[in-house]
Amino acid sequence: MKRTYIEETLKHIGEEVRVMGWVQTYRSHGKLIFIDLRDKSGILQVVFLPNLNKPALETAKKLRPEWVVEITGLIKKREGNTENKNIETGTIEMSAEAIKVLSEAKTLPFPIDDDGYQIKEEKRLKYRYLDLRRGRMKNNLIARQKAANFIRNFLGGKGFLEIETPILTKSTPEGARDFLVPSRLQTGKFYALPQSPQQYKQLLMVAGIEKYFQFPHVFRDEDLRADRLFEHTQVDIEMSFVEQEDVLSLIEEMMIDLTEKVFNKKIQEKPFPRITYAEAMKKYKSDKPDLRKDKEGGCLAFCWVKDFPMFEVLEDGSVDAVHHPFTALADEDLKKFKKMSVEDLRGPKGRKELLGFRAKQYDLALNGVEIMGGSIRTHQKEVLKKVFETLGHAPEAVEERFGHIMEAFEYGVPPHGGIAAGFDRLLQTILNEKSIRETVAFPTATSGVASVMDAPSFVSENQLRELGIKIIKK
Ligand code: ASP
C-alpha cells in the first residue's frame, strides 16, 4: 500500500491507509494506547485497541517518543467530545491494524514541543537536526522558502536572470576580513571566499546581462554577534542603465509585496520614508533609524537612507570607502574629486573636501536594522582608479588587485547600479525572531563553531604538506 501523508488522511475517512513518521507522544489509558504520530505534514492521533492482534499490541506497548514507525490502519471520525481543535486532523483518528518499527530513538537531549528559546545555543546547534524538528523552526524554514520563491518569481517576472558566481575567488574590498583557501596547485597562493559577488555582478553588466540577481552565500570573517554569521545568504541584484530612483522603486515594490502579500504584515508608512544620512545622524544618531511609532505593535517600519558620505577616515588615519570603492560619487562632488590631486585628497589640505563628498549609496533600514545596501557604481575606469589611489593603494597595487575590472571597463561598460539584502537578517526582522540563527538551518554558533559538524577542525599532516603549509603555534 502506498504511503499517505498525514495531512491527506482527512480525505480518507472510512479507508485503510499507511502512514509513516515519528512518535510525538505516547499515552496509555488503561487498555488503550494512544500515540500522536508526526510527519512533515502534520500530526495524527493513532489508537491501539485491546482487540488488536497480539504482535501489533506488543510492539505498541514498547513505543517511545521519537521512534520512527510505519502504521497501517483505518481512518475514522472521532466522537464529537474527543475532537482536538489544536491539530489539523483533530476531527479524525486512526485505529491501528499493523505497526512496524523502522528505527528506535534515544531520549532527546532537550524537548522539541516548545519554542526552545530557553535551551543553550551550543546544545541546540550541536543537535540542530533535532532542534529543527521543533514546529517553530520548521515554520521558519518554510517561511524562508516562501520568501525566496516570491523574490525569484518577482525578479524573474521583471526579466532578471539568476546567475551563480564562484565561491573560490579573489579578495574583494567589502570591508571585512577574508576567509582564505590555500591553493594546492599553486602553492603559496590563496583563493578568498567572496564577501559579496560585487565585482562579478559588475562584470555581468559588462557582459550585457543588464538585469542580474542571485541568492549568493557570502563570507565575512568578523567577530560574531546575535545578528551576524560568518556565512550568510544575500539577495544580490545589479541593473544596467539605471539611476538611483530605478533601484529604489523596484526594491520598494518587491518589499511591499513580500511583507504584505507573503507575510500578511502591516507596513507603517508607504511610500517608504526617505532621509539623508546627515538627517538620520542628526535626528536619530543612527544610519539605520528605527521609525516605529509603537515598538510592541508588530508593525514594520521601512526607511531609505541616502546620500551617504563616500569616504571616511579610520582611527589609524587611513582613508576607507563608507560602502565600497565601486560606489559612484554624487555628480557635483565628482567634479571636485576629478579636479583634486590624489595627494591633496589624502593629505590634511583636502580632508574637509574628502569627508564632504557624498556617494550615490542607499540603504534600506527596517525597524532599526540595516537589511539592504547598494549604490550606483563608478563605471569610468579613470575615476575608479583614482578612488583606489585615494584609498591608499599604490598604482601598481591597483593594477594587481583590480586590473581585471578596469580592463573590462575598457570594452563598453553600461552605467549600472545595484543593491544586496542580507536575506537571513531580513527574515529575522520580518519573523520577529530573536536571532539571525533562527532563520538558518545550520548556522555557525556565536563561538564560530559549525552546527553539528564541530568545524573548524585539524587536518592531517599529509593535507598540510600538499598545500605547503606549516602551522605556527601562536
Ligand atoms: N556588494 C554590496 C554588499 O554586499 C551590495 C551592493 O553594493 O550591491 O554590501
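Whatever order the structure lists them in is the order used to number ligands and atoms, beginning at 1.
Classified by interplanar angle (parallel below 30°, tilted 30° to 60°, perpendicular above 60°), the ring pair F308/Y277 is tilted. A perpendicular orientation is assigned to the rings of F213 and F215, their planes being inclined by more than 60° (bins at 30° and 60°).
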Practice item. Would you sort out whether Y284 and E279 count as a side-chain contact (heavy atoms from CB on, under 4.5 Å), showing the intermediate values? Key: CA-CA 8 Å; Y284 304 100; E279 273 167 29; over 6 Å; no
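Of the heavy atoms in R220, only side-chain atoms (C-beta onward) come closer than 4.0 Å to ligand 1. Contacts between H323 and ligand 1 below 4.0 angstrom, taking non-hydrogen atoms only, involve the side chain exclusively. Here A420 has heavy atoms under 4.0 Å from ligand 1 in both its backbone and its side chain. Residue Q361 does not touch ligand 1, judged by heavy-atom distances below 4.0 Å. By the criterion of a heavy-atom distance under 4.0 Å, the backbone of I419, and not its side chain, is placed next to ligand 1.
Between Q195 and ligand 1 there is no heavy-atom distance shorter than 4.0 Å.
For the pair Q199 and F402, the minimum side-chain heavy-atom distance is below 4.5 Å.
Each of the following atoms of ligand 1 lies closer than 4.0 Å to a heavy atom of K201: 6 (C), 8 (O). With ligand atoms numbered from 1 in the order given, ligand 1 contributes 6 (C), 7 (O) to contacts under 4.0 Å with heavy atoms of G374. When each atom of ligand 1 is checked for a heavy atom of Q198 under 4.0 Å away, the hits are 1 (N), 2 (C), 5 (C), 6 (C), 7 (O), 8 (O).
Nearest non-hydrogen protein atom to atom 5 (C) of ligand 1 is G373 O, 3.4 Å. E174 OE2, 3.3 Å is the protein heavy atom nearest to atom 2 (C) of ligand 1.
Y117 carries R136 over the face of its six-membered ring, with the cationic atom under 6.0 Å from the centre and within 45° of the normal.
Look at R152 and E162 and you find a salt bridge, because one of the NZ, NE, NH1 or NH2 atoms lies within 4.0 Å of a carboxylate O, short of that distance. Taking the charged nitrogens against the carboxylate oxygens, K201 and D236 do have a contact shorter than 4.0 Å, which makes a salt bridge. Between K349 and E343 there is no salt bridge, since no side-chain nitrogen of the basic residue lies less than 4.0 Å from a carboxylate oxygen of the acidic one.
Of the N or O atoms in Q234, one or more lie within a sub-3.5 Å distance of an N or O in ligand 1. Annotation: D236 places no N or O atom under 3.5 Å from an N or O atom of ligand 1; distance criterion only.
No donor-acceptor distance shorter than 3.5 angstrom exists from the side chain of S375 to the backbone of R377, with no hydrogens or angles considered.
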